[in-house]
Amino acid sequence: MKRFLVVFSVCLLLGVHAAGQNLKVAEFRLLANSTLASTHGTERFDVNGEKCAIIRVVTPKSDFHFDTGLLHLTHQEKHPGEIWLWVSPLLQHLTISHDIFGKCDYDIPITVEGGRTYEMLLDIGTGRFVSITTTVPRSSVIIDGQDMGVSPIYNHYLEMGVHTILAVNDKHEGTLQKVITTDVANGSVLNVVMQDMSHLYADVVVKVEGRADIFYNGKKVETGQWRTQMKEGTHTVETRQADADPQTTTFTVVAGRENVIEAIPPTPHTGYLQIYTRPRNVEVTLDGTTPIDLTGRQTLAVGTHQLQFQRKGYVSQSHEYKITRYETTTDTVQLERIKYVKPLAFYFGGGYTLASMGGFTVMGGAVIHRHDLQLSYTFGASKSDPVHWYGNNGSWLGTTTYKQNGFALKYGYQFDLLPMLGITPQLGYSYAGLSATVEDGAADYADNASAQLASIGFKLLMVPLHHLYVFVAPQYAFPLSKSDNFKLLSDHSNIKAGGFAATLGLLFNF
């Protein structure tokens, strides 16, 4: 083993030494069509005010030292695979040195002119420059698995050894294996012969859940679903998404049929959610569709989620939670009982008023922080008992009946007895008017009799359905004032102002 290491070390040193001795310029030429040296941004002038020439040194390595002798090297820059030198015109000699590859004294074979661009192929002695062409123009060229661009490729430096060159253009492919030596006679132009491989391709559909991004050969090709054609064999796609770990799916394509691939979706980053509710046993829905059980800690995907909380007899709530990776989000949700008897509402409806002269009542009002203000009007429907009228001499004048119409304004304060039962004590003012109907004879005495009354009572509310009240409102009214006709009527009948009455009906609230 020790002998092997010694031999290997000696060979390595000899190889480095040989490379240092073989550093040379393979080619130096004028790039006649290049305007690089005279273009704004890359144009420079030497210490004598003369426009510089640019030498583009093509080489696979960097860290070279360039000595131009008496003439000035104005500037140098590193670019991929190249070193750019800005030199004074009439440069004739260039010394190039490197710590590993040695030194090269080079006499420039042509006259260097200011404002012109030149190319130098600098061979480090471990391979040689080749140009790569393909039988199908502008094909992608891949050398030893590395994408090199589109053909033709000029002056690419290949190290000594075996290289695999793959060319691809749509369904045309070609492969060339080449052993590179330092012998120029081994060929400086490598041509890859390509063939039509259409018969080896098949339709491929790659699908992934959650509209994740699909990557192929390191490039994004589509989101959610990708339709393409692939050559038969084994392929790999990667799915990616924000806040998720990417996943790879390897599959085999079979020529001659459609291949449908279900790719593995990215694994979402997750966090935790711990919610306590009052009362317990609340129905919870995640993001509008998924019922979840909050008796334990929930594991959710990173991001924002909506939770809906529901329980019969309580006001539903919706909360938004932001889930952070590996962290636990906690909250306590307090549901409020539904106020069936609403402390803030508008209402309207009606019913029937039971009284000595009852009728149909319509009403409306508003409850503001439990203060209830109500306005109603009653249309007389039932007649009073007949009233017989006689003259001063006792002669019969006629028989008349009466109906009572009127409006009332009431104020009350609302209390909850049960969730679906409320009571509102009320004080009120009302105006009652009587209309006479002659039943016999020709006398309509006491027509338009009226009275003003005050009342005390309560309104009992029951809630069989949301937004609907069934109510009963008993009251006792006593007169504040009577018109002369009402006084006359009271003297000749049992019709009195006020007394007990009760209204039953329905109210709609909103």
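Along the sequence shown, residues are numbered consecutively beginning with 1.
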Exercise for the section: Kindly indicate, with the supporting measurements, whether the criterion side-chain hydrogen bond (donor to acceptor under 3.5 Å, both in side chains) is fulfilled by Thr126 and Glu159. Expected result: CA-CA 6 Å; Thr126 61; Glu159 300 283 347; 2.5 Å; yes

Can you confirm whether [X] sits close enough to [Y] that some side-chain heavy atom of one is under 4.5 Å from a side-chain heavy atom of the other?
{"X": "Thr267", "Y": "Gln247", "value": "yes"}
{"X": "Asp213", "Y": "Val221", "value": "no"}
{"X": "Val254", "Y": "Asn259", "value": "yes"}
{"X": "Tyr118", "Y": "Ile110", "value": "yes"}
{"X": "Val130", "Y": "Tyr157", "value": "no"}
{"X": "Gln306", "Y": "Tyr321", "value": "no"}
{"X": "Val112", "Y": "Leu90", "value": "no"}
{"X": "Ile124", "Y": "Pro60", "value": "yes"}

So, [X] side chain and [Y] main chain: donor-acceptor pair closer than 3.5 Å or not?
{"X": "Asn48", "Y": "Glu50", "result": "no"}
{"X": "Thr239", "Y": "Ile264", "result": "yes"}
{"X": "Arg311", "Y": "Arg280", "result": "yes"}
{"X": "Thr135", "Y": "Met194", "result": "yes"}
{"X": "Trp86", "Y": "Asp46", "result": "no"}
{"X": "Asp170", "Y": "His172", "result": "no"}
{"X": "Gln298", "Y": "Asp293", "result": "yes"}
{"X": "Gln241", "Y": "Pro268", "result": "no"}
{"X": "Ser151", "Y": "Ser139", "result": "yes"}
{"X": "Gln317", "Y": "Gln334", "result": "yes"}

Lys/Arg N to Asp/Glu carboxylate O, [X] vs [Y], below 4.0 Å:
{"X": "Asp123", "Y": "Lys24", "value": "yes"}
{"X": "Lys312", "Y": "Glu283", "value": "no"}
{"X": "Arg257", "Y": "Asp203", "value": "no"}
{"X": "Glu119", "Y": "Arg56", "value": "no"}
{"X": "Arg337", "Y": "Asp416", "value": "no"}

Practice task
Report yes or no: is the cationic atom of Arg240 (NZ for Lys, CZ for Arg) closer than 6.0 Å to the six-membered ring centre of Phe215, at no more than 45° off its axis?
Solution key: yes

Practice task
Check whether NZ of the Lys or CZ of the Arg Arg370 lies under 6.0 Å from the centre of the six-membered ring of Tyr413 and within 45 degrees of that ring's axis.
Solution key: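 No, cation not above the ring by the 6.0 Å, 45° rule.
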
Exercise for the section: For side-chain hydrogen bond (donor to acceptor under 3.5 Å, both in side chains), just list the numbers for Glu238 and Thr248, CA-CA rounded to whole Å, side-chain angles, deciding distance to a tenth of an Å, and then say yes or no. Expected result: CA-CA 4 Å; Glu238 184 179 59; Thr248 58; over 6 Å; no

Exercise for the section: Mind running ring pair (Phe, Tyr, Trp, His ring centres under 6.0 Å) on Phe64 and His98 for me, showing each step along the way? Expected result: CA-CA 5 Å; Phe64 288 91; His98 193 277; 4.7 Å; yes

Looking only at the side chains, is there a donor atom on one of [X] and [Y] sitting less than 3.5 Å from an acceptor on the other?
{"X": "Asn191", "Y": "Thr133", "value": "yes"}
{"X": "Lys342", "Y": "Gln414", "value": "no"}
{"X": "Ser38", "Y": "Glu43", "value": "no"}
{"X": "Thr236", "Y": "Thr250", "value": "yes"}
{"X": "Tyr326", "Y": "His269", "value": "no"}

Is the gap between the ring centers of [X] and [Y] under 6.0 Å?
{"X": "His467", "Y": "Phe510", "result": "no"}
{"X": "His319", "Y": "Phe309", "result": "yes"}
{"X": "Phe346", "Y": "Phe348", "result": "no"}
{"X": "Tyr216", "Y": "Trp226", "result": "yes"}

[X] [atom1] to [Y] [atom2] distance, which is reported to the nearest 0.5 Å:
{"X": "Leu307", "Y": "His305", "atom1": "CG", "atom2": "NE2", "answer": "9.0 Å"}
{"X": "Ile100", "Y": "Leu23", "atom1": "CD1", "atom2": "CG", "answer": "12.0 Å"}
{"X": "Leu421", "Y": "Phe415", "atom1": "CG", "atom2": "CZ", "answer": "13.5 Å"}
{"X": "Leu121", "Y": "Asn155", "atom1": "CG", "atom2": "CG", "answer": "4.5 Å"}

Problem - Within 6.0 angstrom of Tyr154 OH, more than 12 heavy atoms from elsewhere - result: no

Handout entry: Atom CZ of Arg325 with >12 non-hydrogen neighbours under 6.0 angstrom
Key =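 Count over threshold, so yes.
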
Exercise for the section: Evaluate ring pair (Phe, Tyr, Trp, His ring centres under 6.0 Å) for Tyr469 paired with Tyr347, printing each intermediate quantity in order. Expected result: CA-CA 9 Å; Tyr469 292 152; Tyr347 61 86; 7.2 Å; no

